[in-house]
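A note on names: the letters A, B, ... follow the listed sequences, proteins ahead of strands, and every chain is numbered from 1. Worth knowing before you read on, the calculation uses all heavy atoms, side chains too, and leaves out hydrogens, waters and symmetry mates.
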Number of protein chains: 4
Amino acid sequence: MPRGAARSEASRTAILTAIATLIDRMGFDNVTIEAIATEAGVGKQTIYRWYPSKNAIVAEALAEGTLVPESFPVPETGDALADISAWLERVLAFLGDETHAALLGSLLSASIDSPEIGLRVAERLGMASPTVAERVQQARDAGQLRPALTGEQIDQLIFGLVVMRALGRAPYVPGEAHRLVAALLGVAPD
Amino acid sequence: MPRGAARSEASRTAILTAIATLIDRMGFDNVTIEAIATEAGVGKQTIYRWYPSKNAIVAEALAEGTLVPESFPVPETGDALADISAWLERVLAFLGDETHAALLGSLLSASIDSPEIGLRVAERLGMASPTVAERVQQARDAGQLRPALTGEQIDQLIFGLVVMRALGRAPYVPGEAHRLVAALLGVAPD
Amino acid sequence: MPRGAARSEASRTAILTAIATLIDRMGFDNVTIEAIATEAGVGKQTIYRWYPSKNAIVAEALAEGTLVPESFPVPETGDALADISAWLERVLAFLGDETHAALLGSLLSASIDSPEIGLRVAERLGMASPTVAERVQQARDAGQLRPALTGEQIDQLIFGLVVMRALGRAPYVPGEAHRLVAALLGVAPD
Amino acid sequence: MPRGAARSEASRTAILTAIATLIDRMGFDNVTIEAIATEAGVGKQTIYRWYPSKNAIVAEALAEGTLVPESFPVPETGDALADISAWLERVLAFLGDETHAALLGSLLSASIDSPEIGLRVAERLGMASPTVAERVQQARDAGQLRPALTGEQIDQLIFGLVVMRALGRAPYVPGEAHRLVAALLGVAPD
DNA sequence: CCCTAATCGAGACGGTACGTCCAGTCTTAAA
DNA sequence: TTTAAGACTGGACGTACCGTCTCGATTAGGG
């Protein structure tokens with residue numbers, strides 16, 4: 001058994017809450033470790049003791065749901081086209097809000113030197129376990145559809161599309177999600 | 001006519017060269033204006049006189065071809081599928097080199113707060129005027145193919161895919177480009 | 001000729017003034033470099049650019065007279081006993097003020113790892129060029145007196161005495177200076 | 001009677017030993033409470049429980065003889081001049097060693113905000129109970145000598161001289177102690 | 001041919017944030 | 001109840017860059 005005081009859960013929570021607050025108050029890039037410490041009412045060293053970098057805090061806040069409370073699970077009704085369409089619809093609608101798009105943009109930017117963040121973002125968006133790719137594979141195995149692309153490729157195209165929206169290109173047109181997914185799955189839309 | 005000394009072309013070039021050198025020596029984020037000035041043998045003020053920010057320098061270096069010497073024009077043989085496939089093949093192969101992927105990642109990251117850079121990147125990659133979207137439209141007009149998606153959507157899906165590769169996901173499998181483009185255009189691959 | 005902007009005299013002065021102000025406002029040991037920078041309205045780096053340590057600032061403030069405006073020259077009337085007595089009287093009276101004693105104490109403390117400061121303190125107190133030692137030697141040469149001790153020893157005993165007062169021992173009794181000097185010079189007091 | 005564990009003598013000793021070790025390994029000013037705790041294999045709180053400050057530890061280490069094992073009692077042969085000379089000789093020789101001078105310097109520096117340390121230092125050096133002042137007084141009472149100065153003044157001059165040596169001024173010349181003491185006592189040296 | 005204005009390399013300036021180190025307090029589990 | 005261990009808030013340290021400003025030198029028109 002380790003002696004000495006245990007990690008303070010209060011501080012941990014305060015840090016995660018603080019970074020979320022600050023990011024949406026002043027934008028991802030303008031958030032400093034010092035500001036986090038002040039906002040959280042925590043010593044700077046307490047942050048450095050547990051996190052090697054700002055990205056690591058973000059990763060944890062992301063995993064914890066502090067940063068993006070919503071979650072985007074892919075429904076499982078058995079109809080892959082409908083499921084994925086519905087999910088993509090929600091995601092694109094979410095990104096219609098400029099604040100959300102900006103946040104996701106920053107997170108993707110952070111993903112470049114922190115794969116961990118990329119992973120957490122994908123997770124939050126519902127693109128990990130069970131991923132879209134797996135859902136497509138199931139549909140294919142069930143003989144529901146025979147798309148020209150592999151599940152992974154489709155997965156990647158869709159995620160890429162989401163990223164493009166976050167990076168600021170093109171507004172969302174309702175119903176678009178369904179047509180996109182249909183085309184990618186090689187099915188005629190209703 | 002303005003009196004006084006004119007802008008020094010030597011300095012301008014030195015700055016662009018310096019930023020290219022430094023970016024690949026120490027990574028985009030670690031490049032500071034001061035380092036650029038030193039490397040270029042130029043006063044800091046000379047940089048600030050002509051560029052409002054690091055991003056602006058990058059944008060010019062990009063436009064000038066200093067940063068990415070290669071260019072990726074979409075061929076124009078009349079066969080849209082072949083043209084776009086060939087082009088995508090080259091781009092994905094280029095991103096197979098980790099250095100290139102990292103560079104593009106940084107540039108995309110910079111695009112978030114500098115649309116100018118986003119534009120230049122798209123330009124460099126051959127995704128602007130004439131864009132993939134236009135090529136698809138031409139083919140559609142010529143009756144060569146009738147894809148389920150609009151040119152813009154296809155354009156976006158493809159760019160999104162490119163971005164995903166740059167962000168570090170999935171290695172490139174030769175031949176993949178052709179299958180992807182074929183599927184997106186709604187054509188059976190050869 | 002060095003190019004670039006010259007050192008700012010305004011900043012230099014502000015720094016010296018600030019350290020003097022702060023030392024007497026909150027005591028030598030509690031003065032931080034950051035406080036000096038703030039008080040002087042100067043960037044921290046401007047201090048570090050010119051001074052390796054707090055002690056170096058103190059040394060300059062001392063040399064400049066910013067820290068201790070008074071000076072204690074040894075008079076030169078030809079009568080060594082009277083001259084030195086008068087001088088010591090002034091010094092001991094000065095140290096009667098507790099603030100002054102505390103300041104000198106701190107300075108002596110700083111002298112331990114900064115001989116420069118020791119020198120400047122001696123200078124300020126009038127114990128350097130022409131030093132008490134030299135005055136004694138002159139008197140001896142002129143046949144005015146033949147003390148049992150060398151000028152240097154007397155000098156050292158006197159400085160030691162001054163230090164003891166600064167370190168907090170014994171209050172000053174008027175007239176004491178004369179008796180002390182007389183005894184050290186081997187002369188009967190008047 | 002207090003219940004619970006009593007103060008651990010082992011810890012107390014370890015702390016005193018540790019501070020002595022660290023002072024001569026890295027210099028007085030660089031010794032931190034944390035380093036003492038680590039070196040002593042003791043919790044920080046154990047130190048803070050018993051000592052209000054680093055100076056208090058030093059004071060105890062001094063009183064205990066852990067810091068300066070040597071002691072310098074003034075001999076009592078009845079011949080005040082010889083006794084004091086012999087004692088001063090030993091002290092000055094001790095300070096000839098640079099390490100010792102540096103240590104004493106630091107201790108004097110610490111005395112400025114901790115009179116307790118000043119007292120302990122004086123004690124260690126043999127300048128307290130029976131002090132040099134008292135010895136002079138006894139000699140005067142016995143009619144052995146009639147110095148021009150009071151015992152206290154002599155005491156102070158001598159301590160001041162010792163301090164000056166510790167502060168780094170002047171090397172020791174053998175035999176000097178005798179001449180100095182003789183002069184201060186108003187006696188012709190042998 | 002000088003004058004005047006703009007540019008240049010150099011570098012000091014006031015600031016902000018960094019990541020580290022300690023001070024002094026508080027918490028835990030063991031003895 | 002004390003101990004060793006160690007986490008906690010707080011705050012100064014010395015460094016790195018930011019973007020601005022100030023030098024003296026250089027380089028062109030325009031008078």
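The distance from atom CD1 of D:I36 to atom NZ of D:K44, rounded to the nearest 0.5 Å, is 11.5 Å. The structure places OH of B:Y51 at 11.0 Å from OG1 of B:T46, a figure rounded to the nearest 0.5 Å. Distance check, rounded to the nearest 0.5 Å: CG of D:D29 to OG of C:S109 gives 7.5 Å. Summarising the geometry, atom CD belonging to D:E39 is positioned 9.5 Å from atom CE belonging to D:M26; distances are rounded to the nearest 0.5 Å.
Between C:T66 and the options C:I15, C:L16, C:V58, C:I19, a side chain to side chain contact (heavy atoms under 4.5 Å, CB included) holds for only C:L16. Residue A:L67 is tested with A:I23, A:T17, A:V121 for a side chain to side chain contact (heavy atoms under 4.5 Å, CB included); the sole match is A:I23.
Checking A:A40 against C:P52, the closest nucleotide of DNA chain F that is more toward the 5' end is the one next to A:A40. DNA chain E is contacted by both D:A35 and B:E9; B:E9 maps to the nucleotide lying nearer its 5′ end (nearest heavy atom per residue).
For the pair A:R7 and A:W50, the cation-pi criterion (under 6.0 Å, within 45° of the ring axis) is fulfilled.
Taking every side-chain heavy atom of C:I33 into account, F:dC13 is the closest of F:dC13, F:dT20, F:dT3. Of all nucleotides listed (F:dT20, F:dT15, E:dG9), E:dG9 comes nearest to the side chain of B:S11.
Residue C:I36 contributes atom CD1, which lies 14 Å from atom P of E:dG14 at whole-angstrom precision. Rounding to whole angstrom units, NZ of residue B:K54 and C1' of F:dG19 are separated by 15 Å. Taking atom OH on A:Y48 and atom C1' on F:dG10, their separation rounds to 15 Å, with Å as the unit. Across the protein-nucleic acid pair, B:I47 atom CD1 and F:dC21 atom C1' stand 16 Å apart, rounded to whole Å. Straight-line distance from the CG atom of A:D29 to the P atom of F:dC18: 15 Å, rounded to whole Å. In this structure, D:M26 places its CE atom 12 Å from P of E:dC21, rounding to the nearest Å. Straight-line distance from the CD atom of B:E39 to the P atom of E:dG9: 14 Å, rounded to whole Å. Rounded to whole angstrom, the span from the OH atom of B:Y51 across to the C1' atom of E:dT7 amounts to 15 Å.
Shown here for A:A59 and A:R120, the closest heavy-atom pair between the two residues is O-CG, 3.7 Å.
The side chain of D:T32 contributes no N or O atom lying less than 4.0 Å from OP1 or OP2 of E:dC21.
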Please tabulate the protein-to-nucleotide N/O contacts below 3.5 Å involving nucleotides 5-7 of chain F, giving atom names and distances.
from: F:dA5; atom 1: N3; to: A:G4; atom 2: N; distance (Å): 3.1

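More than 12 heavy atoms of other residues, nucleotides or ligands lie within 6.0 Å of CD in B:E9, so this atom counts as buried by the packing criterion.
Inter-axis angle, ends of the helix from E:dC1-F:dG31 to E:dA31-F:dT1, five pairs per end, rounded to 10 degrees: 10°.
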